[in-house]
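The next block holds one structure in the form of C-alpha cells; read it before the comments.
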Amino acid sequence: MSKYICGIDMGGTFTDFVSFNTETQEVEVWKNLSTPKQPINGLLTGLNNFDDLTSVGQIRHGTTIATNAILERKGGNVAFITTKGFKDVPFIQRGNRKKHYDISWIKPEPLVKRRNCFEITERLTHKGEVLQEINEEEVKQIAEEIRNRGDIDSIAINTLYSYVNPSHEQQIKSLFKKYLPEIPVSISYEVLPKWKEYERGSTVIADAYIKPIVSNYVKTLEENFENMNITKNVGIMKSNGGIMTIDATDQAPINTAVSGPTGGVVAGKSIANLCGIDNLVTLDMGGTSTDVAVIVNGEEQFTTNFEIEWGIPIQVPMIDIRTIGAGGGSIASIDKGGMLNVGPESAGAHPGPVCYGNGGEKPTVTDANLVLGRLNPQNFLGGKMKLDYDSAYKAIEKLGEQIGMSVEETALAIVKIANNNMVGALRMVLIEQGYDPRDFTMLSFGGAGPVHASDIIDIAGIPNCIVPVYPGQFSAFGFVQCDARVDLQRTVQMTSKFFDIDRANRVFQELKETGMNDLISQGYRENLEVITSIEMRYLGQNYELDIPFTYAQINEDNVQHIWNTFHDMHNDRFGFKIDGEVMEIVNYKVTVISKPEKAKLKNIELANGGIAVPKDERLVRFDDEFLATAIYDRDTLLAGHRIAGPAIIEESASSTVIRPNHIVIVDDFGNLHIKTKEGC
C-alpha cells in the first residue's frame, strides 16, 4: 500500500531524504553523499532505505541540475528565432553597466551564439495586429539549415509583441515541430508573456538552453523508477516553492532554475507560523553554498529579477533567494597578496574536505571546524562516516605556515572569514532592502548552518536564532510540506486614467482558467486557491510595485481601492506618494495553488523541570581560547530544557554550536531557540 510521501533534495555534496508516513504521521530523515558525475545514482541509493519501494506513493524532488547547467555553462546548443531586425537583442542587452568607470569591463556572453540566431520576416503591431504574415517557406529553409548543422539541441522563439498576440510564435513552433520533430522548442509566450524584448528573449533562451539537460535527467529518472517499481507520481520542485509533474518540467524546465533551496523557505514559513514569528531570515548552509531568504509578516518574498550573471535575467516567478559560495566544503587558500581567502571554490562531494579521506588535499571550513573541536570525528552522519582529524590538522598546518599562524589560529581565521561571508549575505537581503536585523529571527539549517549559527547572530546583530528539527534535511522536509502552484502573468498596458475594467477582468479570467486547467491536468483538483495582483507604477517610472487584491472581479466600486493601495505601498516603500498622479498598469498576475496533505511537527515530551544531561565534554576553541564544552545528544532533549553555552548539541546530520554568551531553549516541537543570556 502506498503510504509514504518522500522528499529528496539533491545538493552538491549530500542528497537528503525525508519520508512522511501519511497513516502514522511519522517523519524519518536520512542522507548520503551526492554523486555529481551520475546524479541519479546518489538518489537511487538513498531510496533503498525503504524496505518496500512500492509503499512510496509520491516523490517530491528538488534538484540543482538546471541551476548547475546554467551557472557552469553546460547547457544545450540553442538556435534563437526572432523577428527580422532583432537577432542582436540578446547581445546588445541593456545600456547599464556593472562598473560605470571600468573601460575594460565586458558584457557577459548570452546563452546563445550569434551564428545560431535567425530572423523571420513577420511582424505584429503593439496592439497585436498582423502587419506581415509568416512565410512558411522561409521557416522551412531555416529548419533545413539547422538540420544540416547537426549541432543544435533546442530552439528558442521570441517574436515582437507576442505577449499581446501569440499566434505567430505558435505558428512558427508548429512549423518547426513539422520539419524538426526531434528538436525541442520553447516559445516566449509559454515561458514569459511579458513586455521587454530583452528580458523575455533571455528567459526563453535559458529555457531552451537547459531543456535537453533537464529532459534527459527526468527521462532517466522515470526509466529507473519504472525499473525499480517506484511510483510514477513524481513532483519536481519549482523555483516558486510549488511542485509540478515530470511532464510539466519537461515542457518548461526554466521553472526549476532555483529548485533545491526553495524547500527550506517553504519549511521556514511553517516554522514561523508554528512559533508565532512574523519576520524570519533563513540561512541554509550546505556543503557547497549558503542560501539566504526572508519571510516578512509570515509570507515568503517572490521576485522575477533573478540574474544568471550580471545583466542576463531570468524573469520567471521564484522565491527571492540569494546564494553565495560559502559552505562546509568551501576551500581555504592564500591569494597572490598573501591574504587568506575562503571560497567560493568548493571541494564538493568528491573529493570533499580533507577529513573525508577521499583524496582531498585543500583544507575547507569543515576541516577547520573539526580542528577547533566543533565537530566530533566519530559522530559524523550519526557515526556512519568517520572523519580523519590528523589529515585535516596537517592540511591546515601547511596552510598556516604560509601566513605565519598556528594550526588553531588558522582554523579559527577560516571559520571567521566564512562567518563574515555569510553575514554579508544576510545584510544583502536585510539592510540593503530596508529591513532592520534586530526585527528578525534567524532560522539556520543545512548540515553546516547550525555549526555557525551562534557566531553569525552575534556578528549580525540578530537577537534570536532557531535551529529547526531535521536541520540537515530541512529543505527536503519543506518538499513534503509544499503546495502545487502555478504563477502566471501577462502584460496588458493601461493607465488609471483610461482603465478598461472589462478587459482587465477578461485577462484575469483567462489567467485563472489557464492556471486551474494546468493544475488539474497535473492531477491537482482539490483545495484550489486563486491569488490575484497587478504590477503598477507611476506613469514615467521604470519599476513596478506588486499590488494584491482579493476581489473576484474589478468594478467601479473597488477599483479606487486598488489605486489607493498603490499610493500607500509606494509611500511605505519609497517614503513618498503622489496623490492624483496617473498610474500605469503593466502586468496582470494570477497564482493558483492546490494544497495537498502535508507533514506536521509533533509535540515532544515535556522536561517537567528536569535538567538536560550532557553525554560528554571536550575542549572547543571559541575566540582566543579552548573551553571545556558540554556535549549533548539532541535526541535526549525535552521541551523546556535550557542549556547554557559553551555547549554543542549533536545529532546525526549536524551539530549546533553554542557560544559562551548564549543559551538554548527547546520548544514544544523540538526546535532549538538560541538567545543571548542578557535577552532571557
Side-chain angles (χ1 to χ4, degrees), residues 70 73 75-95 106-212 252 254 308 311-315 490-491:
I70 292 173
R73 298 292 183 126
N77 207 14
V78 179
F80 179 57
I81 315 297
T82 189
T83 304
K84 187 174 183 179
F86 288 85
K87 74 176 183 180
D88 286 320
V89 166
F91 306 91
I92 297 172
Q93 300 176 14
R94 290 297 178 198
I106 299 174
K107 289 181 179 180
E109 294 183 4
L111 300 176
V112 64
K113 298 174 182 176
R114 193 178 185 280
R115 64 183 177 86
N116 292 334
C117 296
F118 302 89
E119 296 178 334
I120 293 178
T121 51
E122 61 80 40
R123 193 63 181 261
L124 301 174
T125 70
H126 69 285
K127 294 182 180 180
E129 299 163 344
V130 177
L131 277 181
Q132 187 165 9
E133 297 284 358
I134 293 170
N135 184 332
E136 181 173 343
E137 188 60 31
E138 184 182 27
V139 178
K140 182 179 179 182
Q141 290 175 2
I142 294 173
E144 288 176 352
E145 183 174 349
I146 290 173
R147 178 185 288 109
N148 291 336
R149 290 188 182 184
D151 63 349
I152 298 298
D153 301 305
S154 57
I155 296 170
I157 301 171
N158 181 42
T159 62
L160 206 63
Y161 300 117
S162 62
Y163 61 88
V164 181
N165 179 358
S167 61
H168 276 195
E169 281 194 354
Q170 292 167 340
Q171 185 180 349
I172 297 169
K173 178 181 179 180
S174 175
L175 291 172
F176 276 113
K177 286 293 185 183
K178 175 182 176 181
Y179 297 119
L180 298 171
E182 71 280 4
I183 299 181
V185 179
S186 299
I187 66 173
S188 72
Y189 183 76
E190 295 174 350
V191 175
L192 185 72
K194 291 175 64 175
W195 72 335
K196 297 184 178 180
E197 293 307 302
Y198 172 56
E199 285 77 3
R200 190 155 49 90
S202 179
T203 303
V204 73
I205 289 170
D207 184 74
Y209 184 73
I210 62 174
K211 188 166 279 187
I254 196 62
I308 301 167
I312 303 183
I314 295 177
Q315 289 206 339
R490 187 178 301 170
T491 296

- Nearest heavy-atom approach of E169 to I157 is OE2-O, 3.5 Å

- Message: Between Q141 and F118, is there a side-chain heavy-atom distance shorter than 4.5 Å?
- Response: no

- Check step by step if salt bridge (Lys or Arg N to Asp or Glu O under 4.0 Å) holds for R114 and E109. CA-CA 10 Å; R114 193 178 185 280; E109 294 183 4; over 6 Å; no

- Looking at side-chain heavy atoms only, is the closest gap between H126 and Y161 below 4.5 Å? yes

- Message: Show the nearest heavy-atom pair for residues A79 and I146, with the distance to one decimal.
- Response: CB-CD1, 3.9 Å

- Message: Once rounded to the nearest 0.5 Å, what's the spacing between atom OG of S162 and atom CD of E122?
- Response: 8.5 Å

- Does D151 offer a backbone N or O that forms a donor-acceptor pair with the side chain of N77 under 3.5 Å? yes

- Task: Find the distance between CD1 (I152) and CD (E145) and round it off to the nearest 0.5 Å.
- Result: 9.0 Å

- Query: With respect to V204, which candidate in I155, T82, N158 satisfies the side chain to side chain contact (heavy atoms under 4.5 Å, CB included) definition?
  - Reply: N158

- Stepwise salt bridge (Lys or Arg N to Asp or Glu O under 4.0 Å) test for R200 and E197: CA-CA 5 Å; R200 190 155 49 90; E197 293 307 302; 2.4 Å; yes

- Query: Rounded to the nearest 0.5 Å, how far does CD1 of I134 lie from CD of Q171?
  - Reply: 4.0 Å

- Taking every non-hydrogen atom, the tightest pair across S186 and K211: OG-NZ, 2.9 Å

- With side chains defined as the heavy atoms from C-beta onward, is the minimum distance between I308 and I314 less than 4.5 Å? yes

- Report yes or no: does Q93 contribute a side-chain atom to a donor-acceptor pair with the main-chain N or O of I312 at less than 3.5 Å? no

- Message: Just so I know, are the side chains of L180 and R147 near enough to count as touching, which here means a heavy-atom distance under 4.5 Å?
- Response: yes

- Taking all non-hydrogen atoms of both residues, which atom of G76 and which atom of P212 are closest, and how far apart? CA-CG, 4.3 Å

- Can you check side-chain contact (heavy atoms from CB on, under 4.5 Å) on K194 and E199, steps first, answer last? CA-CA 9 Å; K194 291 175 64 175; E199 285 77 3; over 6 Å; no

- Distance in Å, D207 CG paired with S202 OG, rounded so as to fall on 0.5 Å steps: 11.5 Å

- Query: Are any non-hydrogen side-chain atoms of T83 and R123 less than 4.5 angstrom apart?
  - Reply: yes

- Do I120 and T159 have side chains that get closer than 4.5 Å, going by heavy atoms? no

- Intermediate values then yes/no, side-chain contact (heavy atoms from CB on, under 4.5 Å), N135 and E133: CA-CA 6 Å; N135 184 332; E133 297 284 358; over 6 Å; no

- Message: Taking atom CD as the centre, does Q132 end up with more than 12 heavy-atom neighbours from other residues, nucleotides or ligands that are less than 6.0 angstrom away?
- Response: yes

- Message: For K84, I'd like to know if atom NZ has over 12 heavy atoms of other residues, nucleotides or ligands within 6.0 Å.
- Response: no

- Item | Any donor-acceptor pair under 3.5 Å from Y179 side chain to K140 backbone | no

- Query: Say you draw a straight line from NZ of K87 to CD1 of I92; how long is it, rounded to the nearest 0.5 Å?
  - Reply: 11.5 Å

- Heavy-atom side-chain contact between L160 and H168 under 4.5 Å: no

- Message: Ignoring hydrogens, what is the shortest heavy-atom contact between A156 and V78? Give both atom names and the distance.
- Response: CB-CG1, 4.0 Å

- Is the number of heavy atoms from other residues, nucleotides or ligands within 6.0 Å of CD1 (I106) greater than 12? no

- Item | Non-hydrogen atoms of K177 and P184 that approach each other most closely | NZ-CA, 4.3 Å

- Can you check side-chain contact (heavy atoms from CB on, under 4.5 Å) on K173 and E190, steps first, answer last? CA-CA 11 Å; K173 178 181 179 180; E190 295 174 350; 3.1 Å; yes

- Query: Just by distance, with hydrogens left out, do R490 and Y189 show a side-chain donor and acceptor under 3.5 Å apart?
  - Reply: yes

- Show your reasoning for whether side-chain contact (heavy atoms from CB on, under 4.5 Å) applies to F80 and I205. CA-CA 7 Å; F80 179 57; I205 289 170; 3.7 Å; yes

- Answer yes or no: is there a side-chain heavy-atom contact under 4.5 Å between Y163 and S188? no

- Note on the structure: CD1 of I210 to CG of D153, rounded to nearest 0.5 Å, is 13.5 Å

